[in-house]
Amino acid sequence: MTAQNPDDLVDSWLTVPDVADELGLDAGRVRRLLKERRLAGVRCGEPPVLSIPAAFLVPVDARNPATAPEGYAEEAPAARAAVLASLQGTLSVLGDVGMSDAEAIAWLFTPDESLPGRPVDALRAGHKTEVRRRAQALL
């Protein structure tokens with residue numbers, strides 16, 4: 001497993017309220033996304049605050065077809081961002097390998113010689129199959 005500290009690898013972090021604002025949700029829903037492992041976060045900074053890598057969010061116009069369930073769009077504030085669609089499945093594979101959220105974040109943000117850069121960048125570029133294949137190889 002990865003021993004690096006995610007705080008040293010991630011360029012930009014968002015707090016739960018910041019993510020809620022970006023997604024047009026309340027903080028409780030963001031915590032539920034974390035609990036369901038649709039997002040991953042760790043406590044970082046001083047004092048330690050639950051934070052989520054900003055790279056896990058994409059602009060609304062760049063999101064995949066996975067949108068909010070019917071009936072929620074009219075009531076929710078306008079979202080500026082969406083969760084990276086390929087993130088949940090990738091976090092699931094990393095969880096199957098036995099990685100904690102901190103280890104998964106560190107793995108996603110550590111450059112991989114076999115990919116053009118970091119796994120999170122490959123996910124954002126639409127290369128989820130290659131990223132998940134490498135994650136499964138960790139088994």
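The figures here come from the full heavy-atom set of this structure, side chains too, leaving out hydrogens, waters and symmetry mates. All residue numbers refer to positions in the sequence shown, counting from 1. Nothing here was measured: the structure is a model prediction, and the numbers come from that model.
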### Task
Sort out for me which residue in L57, T15, V30 forms a side-chain contact (heavy atoms from CB on, under 4.5 Å) with I52.
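It is V30, the one option of L57, T15, V30 that forms the side-chain contact (heavy atoms from CB on, under 4.5 Å) with I52.
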
How about [X] and [Y]: do any of their side-chain heavy atoms sit closer than 4.5 Å?
X    : Y    : answer
S86  : R132 : yes
L123 : P119 : no
W107 : V131 : yes
L34  : V16  : yes
M99  : L138 : yes
S51  : L14  : no

#### Entry: V93-I105 co-clustered via ILVMFWY side chain contacts under 4.5 Å
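No, it is not one cluster - the side chains of V93 and I105 are not joined through contacts under 4.5 Å.
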
Check: [X] side chain, [Y] main-chain N or O, donor-acceptor pair, under 3.5 Å:
X    : Y    : value
R38  : L87  : no
R134 : S114 : yes
S92  : Q88  : no

### Query
For residues 11-60, which residue pairs qualify under ring pair (Phe, Tyr, Trp, His ring centres under 6.0 Å), counting only residues two or more places apart or in two chains?
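Matches after skipping sequence neighbours: F56-F109.
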
### Message
Enumerate the ring pair (Phe, Tyr, Trp, His ring centres under 6.0 Å) contacts for residues 117-139, please, sequence neighbours excluded, ordered by first and then second residue.
### Response
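Those involving residues 117-139 do not exist here.
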
#### Entry: Distance-only side-chain donor-acceptor flag, T110 / R118, under 3.5 Å
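The answer is no; no qualifying pair exists.
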
